[in-house]
Every structure is written in C-alpha cells, then in structure tokens.
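Computed from a prediction, not measured in an experiment: that's the story for all the values here. Count residues from 1 along the sequence.
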Amino acid sequence: MSTSTEAAAAAAGEPRDAASATTSAAAPSTSAAAAKKEVMKLHRSFNPFENNRAEPGVVEWIKMILLFPTLGLLRVVLAVLILLIVMLWAWICTIGVGRSQDPLPEWRRKLAVPVIAFLARALLFVFGFYYINVKGDMTSVEDAPLLVCNHISYFEPLFFTTYGVSHVGKAEVAKTPFVGGLFKALQILLVDRMDKQSRSDVRAAIELRAKTQRGKWPKLCIYPEGTITNGKAVIQFKHGAFQPNVPVQPAVVSFSYIWMDPSTTNGAQFYWVRFLSQIYHIMEVDFLPVHTPSADEQANTSLFAENVRDTMATALKVSKTNHQLGDLLLQRAAMKHRLPWTVGVVEFGDLNSLFKLSIEDAQTFLDRFSKLDVNQDGRLGLEEFAKGLNMPADSDIAVDLFHKFDKDEDGFLDFREFIAGLMFIVQSVEDSKTIDWMFDIIDSDHDNSVSLSELADGLRTAESEDIDAAGITKALTELKDKDAVSREEFTAFMKKHPEIMTAPRRIKVLENFKLSLANKFTNTHRKEA
C-alpha cells in the first residue's frame, strides 16, 4: 500500500496494512520522516478490541428478560456439571503425574483426551454452538507440529480441544481452582506475558516440542496475536510460533451473528447474560494448508510470521493492522487512570516500530497525559496542553506545538497524537531546528534574548542523569560578562560546547531537552497538586 493510500485509509478510519510501515522504517531518512508523519494520523472508527454489538437493542432486552431465567440458567447448570466431570476425569487420569517436561505417557493420553474432547464438544453444544461449520482438515503432528489461529473468544480453545490438541495459555488461568489436572492432561504450556523469563522458557519449550521431540507431543495450538480481538482485522503476530522454523498449519475462526457478537472483547454490556440468552451461535472454522517456511523465511522470522498473517487475513477477508498486545496493556492502564479504555488503542506496533518505543515508556506518557486531561474525556484541548507546558494558551510556542501534534486538525489531541508528536519531536527534528526550539522555550518573554539566569535554568531543565551539571555551569562562565544572550549567540554557544551537546552515552542533550517537554507536563501538574 502506498503512503498516499495509507493516508486515505487512515482518514477513512479503515484498518491499514502493516507491510508499508515495515518498508518505510527501512527506507532512507526522508521516507522514514514521511512515514512518521503519516503514522500520526488516526484510525478513529476502527478498534480491533471493541465488541461489534456493544449495546443491547430492544430485541436483546426482550430475549434477556424471557430467555435468561430459563434457557440461560439451564445452560449455566449444565456447563458447571460438565466442567466438574472434566476436572474430575482429568485429575483421575493424571494422578501421580508431576510438573514434568516429558510428554504424557501414551496410555494416560489415550485414557484422558478422548473423554475430555467429547465433553468439550458437549460444552460448546450447551453454549449454543449446535453446529460448527468446519472446512478443511487438521493435519497430523508429523506434517505440522504447530497450529496457529486467530483469537476472538474463549471458545476457540474449547473447539480445538475437541481435536485433542495442546495449547499455550496464560499463566493466570492456571490459578483457577481444580484446573491443574486438566492442564496436565492436555499438556498446556503456561506463559506469564509480563515476565521476560517466562516468555523465554515457553519459546524454548515450543522449540523442544516442535523440533527436538517432534511427534512425541500432541499438536500445539498457538494464538500469535497474543490477545483476543473482535475478528475484524488480524493484528501483529508475536514470533514464538515461527522461531522453530518448522511447518505450521494456519486456521481461522469466525462468527456469524445478527444480534450479538460473541467475541469476548471490551465494551459489550451484560456479555454473559446476552450470550446465554441467544438461541444459537454460529462458529465457522477453516483449516488452511500447511505453510512450510522457505529458505528466506527460515532466515527471517518476521517474514515467516508476516506471510502466515497474510494468508490468515486473506482467508478471513479482513485487513491487517499494527495493533498488538501493547494496545491492550495501555487500555488497562487508561482504565486505571479513569480514562476511557479506548484511549489506549494507538496501534502500538506502529509506534514501537517507528520510534522504538517500549511499553513502559508508553505507560509513562499515558500517566502524563492523564494528569493533563482534567475532565477525563480522553483528549486534550489547547488550554490543557498549554498548562502542561506552564504557558498561557495564547503562547506562540504552545499554539505552534499543539497544531504540530494535532494531525487531524480537530482541535484536540488524543493519546496517539500526543505520544506520536512527542516521539516525532525527539527523533526527527534536525539539530539546528532543535536549538531554535530550545531558545524559544527558554526565552519565556519572547524578546529574542535570554538572561544568563534564564539560560542556566533552561539548560538544567534539559539535563538528565547522563549529563554532568557541573559541565554546564563551567561552560556558562564564559558568558558571565553578558547581560543577555541573543539567538545567534546561543546557537554559537551550543555548537561550541560538545560537553553540553553530547552525553557520555552519545545521547544528545538536545533530545533530553525535547523529552523535557514531556517532563514539564508532569512537573507542572505535581507542583499545582
């Protein structure tokens, strides 16, 4: 997709293909700068983490009133009964089995899995999935030890359990009472998504099952998106399923619905009451051909993952976007700050790729954003933005910065514009322009000159733990006889002193100064608080 096409797609609110962003990131600096400008444009009308039938209509209310006390509660009772039988059977079949890294003995597996698979299908039936339209066939573990699938609800794992496959699941699920035996019987791999060591251990275990001990373990199902979406796009893949460089079989799951979207994403009111009040649900599963990595894909895991993502998006007839798990973490952080959860949906994959932004830094920026957003509506007006800079709303600098950040020109900054604007300033402005901006910020009365005390205070605002404050003080002594410093003198002074311009780690003070814009937002608010 071309840059101009991307811009049109962004303006229309459509999901945008990720490939061009990847290409732009590797392009010459001019193209990269253009790409960074484009990525600031918003996709306001599309959110892959939002339920597509968020609010119940009149028909839904009628169904909830009439069907939940009857059909809904019956389903709850039957589901609990089936789950108890599953847990009990799994516990019986795994008595004496510890947390071993070895495959479950064949006799135990043959005893446990067929019954669990049958009960998993019974549970889906109780939930209203009377018929599941399945296309294609799941291949043997020898042909493809790994199965990769999109993740749109709690029900895909249940479906694939009917085929006896194992899964990679969230470690927190294992804390649910009585599930230990079930996880042993299905040989589930558990990962703590927030723990680096846990993620590394799971990647090693995937490689062990897929390569070293291939055929001794059941097929392993992995959801490379790393979280649940609404199925209207395929978000960025994590690479754990593709690093072993073994054949994988893609599968795609979708729901057909009129009244209620069964995807277990954010925003659905009374989700379980509505879900259990539906007469039936329609699930469609398509097992796609095995994807064997080419020589190029074996040398480039990202290419392997992206090509499989292309295949799955094509089969689903949806677009790809650069949203990822980081968006979900930012959503949760936004809710903790009592902001609308949609504030955190920023296509974090774009920001991470183009600006090398970590999720920790993004959460820090969100904390600053929330302090400025006084009315907690998830966006900043000019007055709120200027207040963060400790400037009046009619300040030329504040107005200039605000309009540079406000890429859709709607008069407000949402979090994506805020964070992309700050990062763009930090990484893309040339040194000469940055020096001008430094001077403009220090020159608070805008008379095109700064006093020595103003200059000293301004430069120390820019210092970080990498900068020797004594070095700044020493450099300023050569200006001690001046009452004021002009813009030209300031520029010459900054270029003369590399000890100010460059930190020990070769990090420019300029960048630290630009980052201090963000620090100003926080510090100003704290002083007032």
J.: Does the pair Glu106/Arg109 count as a salt bridge with the N-to-O cut at 4.0 Å?
T.: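 Looking at Arg109 together with Glu106, the answer is no, because their closest N to O distance does not fall below 4.0 Å.
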J.: Please determine which of Phe405, Phe418, Phe385 meets the ring-ring contact (aromatic ring centres under 6.0 Å, His included) test together with Phe369.
T.: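 Going through the options one by one, the only one that passes is Phe418.
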J.: Quick one: are Trp217 and Ser166 in side-chain contact, heavy atoms under 4.5 Å?
T.: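 When only atoms from C-beta onward are counted, Ser166 and Trp217 do not touch, as no gap falls below 4.5 Å.
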J.: For Glu417, is there an ion pair with Arg379 - N to carboxylate O distance below 4.0 angstrom?
T.: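 Judged by the 4.0 Å cut-off on N to carboxylate O distance, Arg379 and Glu417 do not form a salt bridge.
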J.: Given Asp296 and Ser294, is the side chain to side chain donor-acceptor pair (under 3.5 Å) satisfied, shown in steps?
T.: CA-CA 5 Å; Asp296 288 341; Ser294 65; 5.2 Å; no
J.: Using only heavy-atom distances, determine whether the side chains of Gln278 and Glu60 contain a donor-acceptor pair under 3.5 Å.
T.: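 Yes, a side-chain donor-acceptor pair sits under 3.5 Å.
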J.: By the definition ring-ring contact (aromatic ring centres under 6.0 Å, His included), identify the one residue from Phe118, Tyr280, Phe159, Tyr130 that meets it with Phe125.
T.: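 Looking at Phe118, Tyr280, Phe159, Tyr130, the match for Phe125 under the ring-ring contact (aromatic ring centres under 6.0 Å, His included) is Tyr130.
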J.: Taking atom NZ of Lys211 as the centre, does the number of heavy atoms from other residues, nucleotides or ligands within less than 6.0 Å exceed 12?
T.: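 Counting other residues, nucleotides and ligands, NZ of Lys211 exceeds 12 neighbours.
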J.: Going through the checks in order, is the side-chain contact (heavy atoms from CB on, under 4.5 Å) test met by His239 and Phe304?
T.: CA-CA 9 Å; His239 293 167; Phe304 186 12; over 6 Å; no
J.: Side-chain donor-acceptor pair under 3.5 Å between Asp201 and Gln197, yes or no?
T.: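 Asp201 vs Gln197: donor-acceptor pair found between side chains.
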J.: Does the side chain of Phe237 reach to within under 4.5 Å of the side chain of Val308, using non-hydrogen atoms?
T.: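 Result yes, sub-4.5 Å side-chain heavy-atom pair found.
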J.: Does CG in Asp137 sit with more than 12 non-hydrogen atoms of other residues, nucleotides or ligands closer than 6.0 Å?
T.: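 Open.
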J.: Is there a side-chain contact between Val343 and Leu366, using heavy atoms and a 4.5 Å cut-off?
T.: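 Val343 vs Leu366: side chains touch.
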J.: Using a cut-off of 6.0 Å, state whether more than 12 heavy atoms not belonging to Tyr257 lie near its atom OH.
T.: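 For Tyr257, atom OH is crowded (more than 12 foreign heavy atoms under 6.0 Å).
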J.: Less than 6.0 angstrom separating the ring centers of Tyr271 and Tyr154, yes or no?
T.: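 Here the rings of Tyr154 and Tyr271 have centres that are no less than 6.0 Å from each other.
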J.: Please report the C-alpha distance between Leu182 and Val86 in whole Å, then the side-chain angles of each, then the deciding distance to 0.1 Å, and finally whether the side-chain contact (heavy atoms from CB on, under 4.5 Å) criterion is met.
T.: CA-CA 7 Å; Leu182 178 61; Val86 168; 3.7 Å; yes
J.: Pick one: which of Asp361, Ile359, Asp367 meets side-chain contact (heavy atoms from CB on, under 4.5 Å) with Gln363?
T.: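 Only one of Asp361, Ile359, Asp367 forms a side-chain contact (heavy atoms from CB on, under 4.5 Å) with Gln363, namely Ile359.
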J.: With side-chain contact (heavy atoms from CB on, under 4.5 Å) as the test, pick out the partner of Val252 among Thr314, Asp286, Val148.
T.: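 That would be Asp286; it is the only one of Thr314, Asp286, Val148 passing the side-chain contact (heavy atoms from CB on, under 4.5 Å) with Val252.
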J.: Go through the steps for Phe155 and Phe275 under the test ring-ring contact (aromatic ring centres under 6.0 Å, His included), then give the verdict.
T.: CA-CA 12 Å; Phe155 306 108; Phe275 179 83; 4.9 Å; yes
J.: Looking at Trp272, I'd like to know if its CH2 atom is crowded, meaning that more than 12 non-hydrogen atoms belonging to other residues, nucleotides or ligands lie closer than 6.0 Å.
T.: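 Yes.
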